[in-house]
Structure formats: C-alpha cells, structure tokens
Amino acid sequence: MPLDEAFIDTSYMSYTIIKDKRVLRDSYIPDTLPGREEQIFQFSRILSDLLVDQPPSDVAFIGKPGTGKTAVVKHVIKKYRNEYPNLRAKFAYVNCSQATTAYRVLYQLNRSLGVLVPPSGYPFDVLWDKFVDAYMTSNSRLVIVLDEVDLLVKRDGGRLLYALTRLNYDLPEELSISLVVISNTMDFLERLDPRERSSFEPNRLQFPPYNHPQLYQILRQRADLGLKVGTWEDEALQYIASRVAQESGDARRAIDILRMAAELAENERAEKLTKEHAIMAVDTVNEEEVSITVRTLPLHHRLILAAIADVLERPVVRAGTGTIYRAYEQRASLYGVKPLTMRRVSGILRELESQGLIEIEMQYGGARGNTKVVKKMALPLRQMRNLLAQMGIR
DNA sequence: TATCCACCGGAAGATGGGGTAT
DNA sequence: ATACCCCATCTTCCGGTGGATA
C-alpha cells in the first residue's frame, strides 16, 4: 500500500456533490437542448441551403434572456461544422456586448477571416476594405452571427447591417453573406431606417420563455451530467423549475440557482442537495449578482444608488427624478465631487434599471410633471447600504 | 382654451483618453 | 513630434408631454 495514502485526508471527498463544475455554468452547451427542438429544426432548415450551395436567408432570433438563443445558434453551427467538414461556407460569431461599435464588430469579422488589424486607431474605411478583400478571396459563403445586435444598432443605427446586406449585390454568384441576428426584443428592427429595412427582412424565430417542465428537463440534464449519482433530490429541481418558470423562464438563472444550491450543500457537508438548499440558493444568487454588478459601477452611479436609498428611506416622499437628483447633489458635495447634470442622471437611472438594480415606473401629467419614479431596489435597503458602504460610500 | 409645471429623451457637440502611422 | 484615427461619457440645447390651473 502506498505510504502517503495514510496522510491524505479524504473525508471531505465523501461529501462532494459536484462532479463537473463546467456543466453547471450556462456557457456550457450540452448535446441536446431540451425544449428548443423546434427552433433547432427551423434554423437547421434555413442553413440547409448551404448544402446545395445556395445562400441561406437572414434570420432574427428573438427572445428574452436565458431562452436558449445563443445555445441554439452555437449548437446548430457546431453540428454543421462536424457533419459537413467540406462545406463551402464559413461561420463568424460576434457578440456585440463586447463589440458595441461598428468598428469593433468589423475588427472581429476581419479576425475571423484571418486578417489582423489594430483594435483601434485605424480609419473605418480601411477596415471595411480589408474585410471585403479578405472575403472576396475566401471563396466560400459567409454566415455572420451578431449576438445582442440591439446594442450595436442602438449606437450605430444599423449602418453596418445595411452595409453588410448591401454587399451581397456586389458579390459574384458563388459568394454571399447571410446574417443571423440575436436580440432580446424586436424593437431594434424598428430602429433601422426605412432604406435598411427594405433590404433586410430576416425570418423571425421566436424563443418563448421556458415553462416548468422544460426547465425541469434542463436542470435534470445538468444534474445528471454535473452532479454525482444519488447526491440530489428531485424535489429540489422541481422547486427551482417552478420558481423560475413563474418569475422569468430564464434557464440561465435556473442553472445558476442549481449550481449555487450544490455549492451550499457542499459547504455544509450535506449528503444530499435538498429543496432547502434550493430555497436558500435563490436569495444567495440574487445577492451575488447584485453585489457583482454594484462592484463594477462607476463612482457617480454608486452615488446615485446611495441617493435613491436615501430617498426611499422616507416613504412619504415620491422617489422621482427631481428628488433623487437633489439627494444626489448632497451626496456628491459630501464626497467632494462635482455633480453630473440632471440630464445625465436621468440617463443613469435608466442604466441602473436595465442592470436590474432598481425598478422604475413612469408617472405622467399633473402639476408635478412627467417623471420616472423608482419603486424599489434589487435588495432590501439595509443590504444595499452595506454593499455601498463596503465601497466607501456611507 | 391657453398656459404652466417638472421632467422626458433625442441630437449634436465637447472632452479626454485610448490608439496608429510617418 | 505630429497628424491622424476611434470612442465612451458628459454637457448643452430643445421640442415634447398631459393633467392642473387660471
């Protein structure tokens, strides 16, 4: 018997529940996607034009966060790459949340064609020409996936989309560019100006929120792959599934909760992941998420958040933009910085809303005027205060 | 019916900080 | 060193908005 065996403490191992942590992250893409069979079928069918060397039509994936849009795209593209290695087609995937400007998207596209250009400092036209040149000589059809395209369109107004679709008219028969755009909402299509809309009319693939049985299947799949046999109770999965189905149908969130529940169970050296762990995990995931986003917030965003807490503390006062702004001015002078303008603060309130840190409701009319009113924060006031205090704002 | 209040949100320009090329 | 680029963040400016009020 090996000598060192006696010196290794293996007792903690018997409590281990997690088998493969990667599986419990939402970036992991499993071999099958429960509940998205129809979308996979549709998208595969659209791409199948490539098999007869025809250009596939453009597609728009529409659906709320965590409804499997990105997963379906990656899944199907992977399948095509594996099953048809000799296909005369290239796929390029760009996530516009990392590349929010036309310049940076083009930078990514160049890279995926093997052209290295500087990440900034170059004239846009040069990047465009390089891209076109590189594509012309590639001798294959191109499918460009633009994930979170609404972020790009918001800034760029869709000029890049227009340029890319227009390019098709100048290409020879055997070349083509097809766009697959992914978006949370449909309103980015309305943001495009009329000229663009007439040349860009994608097929629409809807991604509805997952329901309870679908979420259960997803969790079941992750548990089977990522957790050890017999270390979890079915009830826990059912609880997460029903909870998430009610509030959002967001699979990403369900998977997060499952992972957190498993970690909680391990931490207290439980033998099994139970429903109680799942219940606790819901709150913990919330806290963790908020804490992470608040930590990355710039100074003035934090001051505004603190000002909102100040105002909400006095329930008599309406937490409208004006009141919040005056509280923020005090915070700023206390902190010794020059306050931003009201226009800017108004915009930041919207930013905080879209980051899920506050809830806003519009109130129209009256002598009090039109204003945003903050209804509540993502965490109880005390917790939010603590968080801000940790960052020197008290 | 006109006006006003108190804020909304688009557009455009300023600012400052990153970069490249010569 | 100089002359260009890109770009996020703010400021400035300004035409809405809709019930309350005169």
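Residue numbers begin at 1 in each chain, while the letters A, B, ... track the order of the sequences. Every heavy atom of this structure was used, including side-chain atoms; hydrogens, water molecules and symmetry mates were not.
What separates OH of A:Y325 from P of B:dC7 is a distance of 11 Å, to the nearest Å. What separates CG of A:L340 from C1' of C:dT9 is a distance of 9 Å, to the nearest Å. We find that NZ of A:K338 is positioned 11 Å from P of B:dG16, with the value rounded to whole Å. A:H300 has its NE2 atom 13 Å from the C1' atom of C:dT11, to the nearest Å. Note: CD1 (A:I324) to P (B:dC7) measures 10 Å, nearest angstrom. Atom CG of A:N370 and atom P of B:dG10 are 14 Å apart (whole Å). In this entry the distance linking OH of A:Y364 with C1' of B:dC8 reads 9 Å, nearest Å. Protein atom CD of A:Q363 is 15 Å distant from nucleotide atom C1' of C:dA20, rounded to whole Å.
Listed by first then second residue, pairs satisfying ring pair (Phe, Tyr, Trp, His ring centres under 6.0 Å) with a partner in residues 44-81 of chain A read A:F43-A:F61, A:F61-A:F207, A:Y80-A:Y84, not counting sequence neighbours. Residue pairs satisfying the ring pair (Phe, Tyr, Trp, His ring centres under 6.0 Å) criterion with at least one member in residues 91-117 of chain A, sequence neighbours excluded, are absent. The side-chain hydrogen bond (donor to acceptor under 3.5 Å, both in side chains) pairs that include a residue from residues 312-339 of chain A are A:H300-A:Y328, A:D310-A:R331, A:E313-A:R385, A:R318-A:Q363, A:T321-A:T371, where partners are two or more places apart or lie in different chains. Applying the side-chain hydrogen bond (donor to acceptor under 3.5 Å, both in side chains) definition to pairs two or more places apart or across chains, those involving residues 157-181 of chain A are A:R141-A:S176.
The side chain to side chain contact (heavy atoms under 4.5 Å, CB included) test with A:D224 is passed by exactly one of A:Q221, A:R220, A:R222: A:R220.
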Worked check of side-chain contact (heavy atoms from CB on, under 4.5 Å) between A:Q108 and A:Q98: CA-CA 10 Å; A:Q108 294 284 353; A:Q98 266 101 268; 5.8 Å; no
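By the neighbour-count criterion of 12 heavy atoms within 6.0 Å, atom CZ of A:F124 is densely surrounded, having more than that number from other residues, nucleotides or ligands.
Contact annotation: the side chain of A:L160 never approaches that of A:L146 to less than 4.5 Å [non-hydrogen atoms, C-beta and beyond].
One finds no side-chain N or O of A:T341 lying less than 4.0 angstrom from the OP1 or OP2 phosphate oxygen of C:dT12. Distances shorter than 4.0 Å separate some side-chain N or O of A:K372 from OP1 or OP2 on B:dC8.
Checked by atom type and distance alone, the side chain of A:D58 pairs as donor or acceptor with a backbone atom of A:L179 at under 3.5 Å.
Annotation: proximity of residues 96-131 of chain A to DNA chain C (heavy atom, distance under 4.0 Å) is found for A:T100, A:T101, A:Y103, A:R104, A:G121, A:Y122, A:P123, A:F124, numbered in ascending order. Using a 4.0 Å cutoff on non-hydrogen atoms, the parts of residues 342-355 of chain A near DNA chain B are A:M342, A:R343, A:S346, A:R350, ordered by number.
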